[in-house]
Amino acid sequence: MVAEDPRRRIQGTDTLLARPRIRQAAAGVSPHVLTDFIRQAQARARRGEIPPEQVESEVVSQLGRYGPSSLRPVINATGVIVHTNLGRAPLSAAAKQAIVEAAGYVDVEMDLETGRRSARGAGARRALLAACPAAEDALVVNNGAAALALAAAALVGRGEVVISRGEMVEIGAGFRLPELIESTGARIREIGTTNRTHLDDYLTALTPGDDATGTAAAVLKVHPSNYLIRGFTSSVPVAELATVCREHRVPLIVDVGSGLLAPEPALPDEPDLAAALTDGADLVIASGDKLLGGPQAGLLLGRAEIISALAKHPLARAVRTDKLTLAALEATLTGGETPVAQALHADAELLRARTERLAQALGADVVPHDGRVGGGGGAEVPLPGWAVSLPEGVAAPLRAADPPILTRTSGSGCLLDLRCVPEELDQTVLSTVQDALRRLSAEG
Ligand SMILES: *Cc1c(COP(=O)(O)O)cnc(C)c1O
């Protein structure tokens, strides 16, 4: 007698769809996602990876793990605060709540008193101006790059913008600021050298000559947010540049990058929006999701007539912020200390105590480890702290864990830094690492 092919015992899609356990677990899941899970489980059974009887529980367990999107919350144990690959700034509790509340119908462009249309994003604008009184007006767009493109399109057009060769920045993933500016039709007038640019270089560029180069329409000063030029260097401070720009009647745009609204004692060399405006910049640009600690956004602050020209430009509509961002940005500015600020100001003794507790429970060592500001701020500024030193091989199992934990790989192995980990997750970190270490030694 020929043995029955076990694959014949795999239940059909319609039968599985009717199973009460599956129907219950699939509440709130789209039908095509559910059929996809069923097909995958059936396929695994056909390949002999699971017994035919297990198809139903496999589908139920897949449904149980299914999140509303494929983005998975992770624990950032790298010590890098603004980590672009991990979504930059984690939002404050207030910003998260604001996003949830703005998700439905909201009065984003409606005056509830009169029932008339109102200015979009008025609350975020008010909050920005309250946080940075040096600005006459403010506009929020999609991100820092969009803010730069809008400024170039509206203030430079097909004309020339003067930029120092020491400030021609590439930010990440091959994104080059000069290329972005040129894509708007503006031409770049490079001045100075990589290491040294003087006031005279700006003066020459701003003085109409007989070489048919034309006069510049604007001057752009960019903060080199991800590198340092050291040694025989020189650049022109905003205050000096502002005087020259005023004399030549061209706007001075300063791209601050990191989004610090006011000076930050922990990062003494980091420029801030208020100082650039007080020093005479006509327009300052920054990102919302770096040191400001908010959602992805491009902030434009400065003279009222310039902001008004930007808001009226056709491109402004193409880079318009959505209601969720406006809600989160306002809440970031008016709420309590952001997670970014908390990580930046983390109490050294408390960090040490947490790290030692974790290391002791794991039977691992504590080593000194400098945290970093990361993407777009505090280039090379070490933030002294500690890390748990783990075997190098545990990094991969930790990434595959639930929740995934991201660590820092260094010569001495895999370093787990608690600076960016909320304290209430310490127990989760401990059990997840214990589990990953067990798996590692079982494999090894
Ligand atoms: C990060 C950065 C940008 C780009 O901002 P995004 O918000 O990432 O688009 C532009 N300029 C500088 C100096 C930056 O640091």
Side-chain angles (χ1 to χ4, degrees), residues 80-91 124 128 138-153 155-156 161 163-184 186 188 197 218-229 235 238 241 252-261 264 267 269-273 275-277 281 283-302 310 315-316 318-322 324-326 328-329 332 338 340 372-381:
V80 179
I81 302 176
V82 179
H83 200 305
T84 298
N85 300 0
L86 301 182
R88 288 198 182 157
L91 294 182
L128 269 176
L139 178 69
V140 184
V141 296
N142 258 334
N143 56 17
L148 262 171
L150 178 60
L155 303 181
V156 183
V161 55
I163 309 181
S164 158
R165 290 196 172 91
E167 299 174 3
M168 306 276 255
V169 178
E170 173 173 314
I171 287 153
F175 168 63
R176 293 179 166 167
L177 220 124
E179 290 175 0
L180 170 81
I181 290 168
E182 283 172 337
S183 76
T184 67
I188 291 178
T197 300
V219 170
L220 174 63
K221 186 168 173 64
V222 181
H223 172 55
S225 49
N226 51 6
Y227 63 98
L228 289 178
I229 298 184
S235 66
V238 173
L241 211 45
L252 171 60
I253 308 166
V254 178
D255 178 7
V256 171
S258 66
L260 271 187
L261 291 168
E264 164 58 63
L267 304 169
D269 294 329
E270 196 66 26
D272 62 276
L273 297 165
L277 288 167
L283 178 67
V284 293
I285 291 174
S287 299
D289 53 354
K290 293 179 179 171
L291 286 171
L292 185 73
Q296 179 186 302
L299 315 177
L300 295 138
L301 290 91
L310 298 180
L315 195 58
V319 295
R320 185 174 89 163
T321 0
D322 75 315
L324 303 181
T325 301
L326 291 169
L329 180 63
T332 300
T338 64
V340 165
R372 297 274 166 188
V373 173
E380 306 213 341
V381 178

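We count ligands from 1, going down the list as the structure has it; atoms in each ligand are counted the same way.
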Heavy-atom contacts under 4.0 Å between [X] and ligand 1: side chain, backbone, both, or neither?
X: Glu167; answer: neither
X: Leu177; answer: side chain
X: Ile171; answer: side chain
X: Ala145; answer: both
X: Gln296; answer: neither

Any idea which atoms of ligand 1 are less than 4.0 Å away from a heavy-atom of [X]?
X: Lys290; answer: 1 (C), 2 (C), 3 (C), 5 (O), 14 (C), 15 (O)
X: Arg88; answer: 6 (P), 7 (O), 8 (O)
X: Ser287; answer: 1 (C), 5 (O), 6 (P), 7 (O)
X: Gly144; answer: 5 (O), 6 (P), 7 (O), 9 (O)

For Val284, the option from Val254, Leu252, Ile253 that meets side-chain contact (heavy atoms from CB on, under 4.5 Å):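 Only match with Val284 under side-chain contact (heavy atoms from CB on, under 4.5 Å): Val254.
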Could you state the interatomic distance from [atom1] ([X]) to [atom2] ([Y]), rounded to the nearest 0.5 Å?
X: Asp255; Y: Leu148; atom1: CG; atom2: CG; answer: 4.5 Å
X: His83; Y: Arg372; atom1: NE2; atom2: CZ; answer: 13.0 Å
X: Gln296; Y: Asp322; atom1: CD; atom2: CG; answer: 9.5 Å
X: Ile188; Y: Leu177; atom1: CD1; atom2: CG; answer: 8.0 Å
X: Asn142; Y: Thr325; atom1: CG; atom2: OG1; answer: 7.0 Å

Can an N or O of [X] be found at a distance shorter than 3.5 Å from an N or O of ligand 1?
X: Gly257; result: no
X: Ser225; result: yes
X: Ser258; result: no
X: His223; result: no

Lys221/Val238 under side chain to side chain contact (heavy atoms under 4.5 Å, CB included): CA gap, chis, key distance, verdict: CA-CA 8 Å; Lys221 186 168 173 64; Val238 173; 3.9 Å; yes
Residue-ligand contact Asp255/ligand 1, heavy atom below 4.0 Å: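 Contact present.
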Residues Leu260, Leu292; criterion side chain to side chain contact (heavy atoms under 4.5 Å, CB included); working and verdict: CA-CA 6 Å; Leu260 271 187; Leu292 185 73; over 6 Å; no
Side-chain touch His223/Glu167, heavy atoms, less than 4.5 angstrom: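 When only atoms from C-beta onward are counted, Glu167 and His223 do not touch, as no gap falls below 4.5 Å.
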